[in-house]
Amino acid sequence: MSKGLPKRSENYSEWYNELVKKADLAENSAVRGCMIIKPYGYSIWEKMQRALDDMFKETGHSNAYFPLFIPKSFLSKEASHVEGFAKECAVITHYRLKNDPNGGGVIVDPEAKLEEELIVRPTSETVIWSTYKNWIQSYRDLPLLINQWANVVRWEMRTRIFLRTSEFLWQEGHTAHSSRKEAEEETAQMLDVYATFAEEWMAVPVIKGKKTANERFAGAEETLCIEAMMQDGKALQAGTSHFLGQNFAKAFDVKFQDKSGSLEYVWGTSWGVSTRLMGALVMAHSDDLGLVLPPKLAPIQVVIVPIFKGDEQLDQISEKINPILKELRSKGVSVKFDKDDQSRPGWKFAEYELKGVPLRVAIGMRDLESNTVEVARRDTLTKEVVSIEGISDYLVDMLDKIQANIYKKAFDFRASNTYEVNSWEEFCVKIEEGGFLLAHWDGTSETEDKIKDETKATIRCLPFDVADEPGVCVYTGKPSERRVIFARAY
RNA sequence: CGGGGUGUAGCGUAGCCCGGUCAUCGCGUCUGCUUUGGGAGCAGAAGGUCGCAAGUUCGAAUCUUGCCACCCCGACCA
């Protein structure tokens, strides 16, 4: 393990890449654009999955699994959906290899060409709606509330570990409803679930809003999103929830008989978050020493490092620590007692900082005498000596404080990097500094495109929580009802 | 996919321009002793098809071509 991480301030993207690798979250694979999620990184993902999955269940959803391969013909049924994804689909054309008659390993067997080529799912709307056609006949079959945890493939031009990989892990919810209203409510409800998860678990404040037509999911009538700000001031779309209208129902002929006996197309939604959240987690909180993890998602919440010479001292420390371990575990805290005598305390301190462990407890002979321990916080990098009496309650309480503090830090950072801008000159200056710009926009795609061409900024969302405020478009001077959020984005 | 860069031991690197005991150094690893409250010290040791594949040459880490991966900048995107 080499020490030292690039500085955030000097090269943000290098810092990010190195941190992901050095903290053992993930590494690049032999296949372009794909990643190997390592055990430490995967255990964070598992915690995310657990929390989200519980929330999906609480809102009435069930998990299911649909296939990785999609018949090519399915994709072409919904016109704008095809257009959105066609450019980045991996295609299966053959089903067999054979030994190369010229030596040199194996080659694709030209005899084994598929009659209908298969697509590796970039998302599953098409397979799922072709199935829903069979599952839905009556209003009694609705609503249908399904989620799946899966991998998907989008053949990206330029990839970045966790943020944009060719293959990624995600969950995709797909629901069918008997009315527009109910589907719209579902779309909004799941956005709220995502926002709650981001803020309460990841400690990442997010802005809820609606996407513009340009940024909308291909095949959706409306896309809602949560947008987060990273420490370099760029925006990251952390989750999306789509109101599909009757687009897929019509494309796949999914109808139900309502109470009056007439046949209607069903209304759909879909919503997803992905391993991209891992990238958001890293970029939202971490520093030049390594990861800073919110306690609720940290695989190890408390690490206890004994400082000792020889087995005898370690035994004395263990005797003191063992009941505390038990107590902490009974309170649901994941704690590691690092008795390893191969590496020295200083090395361990640095290592656990790199890995973002929220709390570190050090205990040595001095502490045994005074009945204390040294507690160090990862988020503030502060240390204090604390009495060992009631230490487990103290630590549990401290974990809550850390969770709250890193949320607040991220919230304050966003607040101090969000600006109202009222002129094009101001816009151009501010956008170079990073952050969110609240500006008026005339509502047209043309203007949005022009602003993007000139500044690389896009409209992240039309936020829900801004007040109506008549004004004029920052670019064209045409009238506008309220401000929208512009930013450069990942 | 276009432009630029990089690829040498597990990690980070020197050498490449000017082919020829040059495979360098640091970290890590192994062995031993001493150490242990912020990435330990000393002594010894192991570890490399120089990204892969062709080619030029008496001889290639070094020159040529192709391929692969990664990084930066564009176009595209969760």
Side-chain angles (χ1 to χ4, degrees), chain A residues 1-6 11-18 21-22 27-35 83-89 104-105 122-123 152-172 194 211 214-218 223 225-228 235-242 270-280 289-290 305-310 313-314 317 339-354 360-370 372-374 376 381 383 385 452-453 456 458 460 489-490:
Chain A
M1 181 65 57
S2 55
K3 46 182 147 176
L5 211 55
N11 188 339
Y12 194 81
S13 57
E14 200 188 332
W15 165 81
Y16 172 79
N17 287 327
E18 286 300 308
K21 282 174 201 150
K22 291 213 165 100
E27 60 190 43
N28 287 303
S29 74
V31 180
R32 179 190 179 77
C34 293
M35 62 180 163
E83 201 177 322
F85 287 106
K87 294 188 294 286
E88 50 189 31
C89 284
T123 177
V152 289
V153 169
R154 298 181 187 174
W155 214 262
E156 296 290 350
M157 295 290 170
R158 197 171 154 189
T159 58
R160 291 197 66 188
I161 201 155
F162 284 126
L163 298 174
R164 183 170 299 105
T165 46
S166 292
E167 180 194 22
F168 57 90
L169 306 184
W170 77 345
Q171 59 68 217
E172 43 181 327
Y194 289 156
K211 284 293 185 192
N214 285 10
E215 302 278 324
R216 194 179 288 154
F217 173 71
T223 289
C225 64
I226 51 172
E227 293 284 327
L236 185 99
Q237 177 176 305
T240 48
S241 183
H242 314 290
S270 67
W271 26 275
V273 293
S274 71
T275 38
R276 173 175 247 209
L277 290 178
M278 294 287 292
L289 293 177
V305 178
I307 293 153
F308 62 98
K309 294 179 197 174
Q313 290 189 358
L314 178 60
I317 293 170
K339 287 193 256 192
D340 183 7
D341 68 349
Q342 301 301 305
S343 45
R344 304 170 76 231
W347 192 90
K348 291 178 184 175
F349 293 174
E351 183 66 9
Y352 290 116
E353 276 160 9
L354 178 62
R360 182 187 72 230
V361 174
I363 176 165
M365 289 300 115
R366 292 204 307 247
D367 298 296
L368 286 188
E369 279 170 29
S370 57
T372 57
V373 291
E374 179 194 81
L381 296 170
K383 291 191 274 201
V385 174
K452 186 181 178 184
D453 287 345
K456 295 180 201 157
T458 49
R460 299 321 305 153
Y490 277 99

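Order of the sequence lines sets the chain letters (A, B, ...), proteins ahead of strands, with each chain counted from 1.
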Of A:S166 and A:K21, whose closest RNA chain B nucleotide lies nearer the 5' terminus? A:K21

Rounding to an integer number of angstrom, what distance separates B:C27 and B:C63 when you compare their C1' atoms? 33 Å

Indicate, yes or no, whether a donor-acceptor pair under 3.5 Å links the base of B:G38 to the side chain of A:K383. yes

Would you indicate what A:S13 reaches in the nucleic acid, counting non-hydrogen atoms under 4.0 angstrom: base, sugar-phosphate, or nothing? sugar-phosphate

If each of A:D341 and A:G33 is mapped to the nucleotide of RNA chain B with the nearest heavy atom, which maps nearer the 5' terminus, i.e. the 5' end? A:D341

With sugar-phosphate meaning primed atoms plus P, OP1 and OP2, does A:L163 contact a base, only sugar-phosphate, or nothing at under 4.0 Å between heavy atoms? base

B:C16 to B:C58 separation - P atoms, rounded to the nearest Å: 24 Å

B:G37 base / A:R344 side chain donor-acceptor hit below 3.5 Å: no

Could you tell me whether A:W170 and A:F168 have their ring centroids closer than 6.0 angstrom? yes

Measuring to OP1 and OP2 of B:C73, would you say a side-chain N or O of A:R158 lies under 4.0 angstrom away? yes

A:K87 side chain N/O closer than 4.0 Å to the phosphate oxygens (OP1, OP2) of B:C76? no

Should A:K309 be listed as having a side-chain N or O under 4.0 Å from OP1 or OP2 of B:G37? no

A:R276 side-chain N/O to A:L163 backbone N/O, donor-acceptor pair under 3.5 Å: yes

Name the nucleic acid region contacted by A:T240, choosing base, sugar-phosphate or nothing; use a 4.0 angstrom heavy-atom cut-off, strictly under. nothing

State whether A:E227 and A:R460 are salt-bridged, where the test is any N-O pair (Lys NZ or Arg NE/NH1/NH2 against Asp/Glu carboxylate O) under 4.0 Å. yes

C1'-based separation of B:C25 from B:G48 [nearest Å]: 15 Å

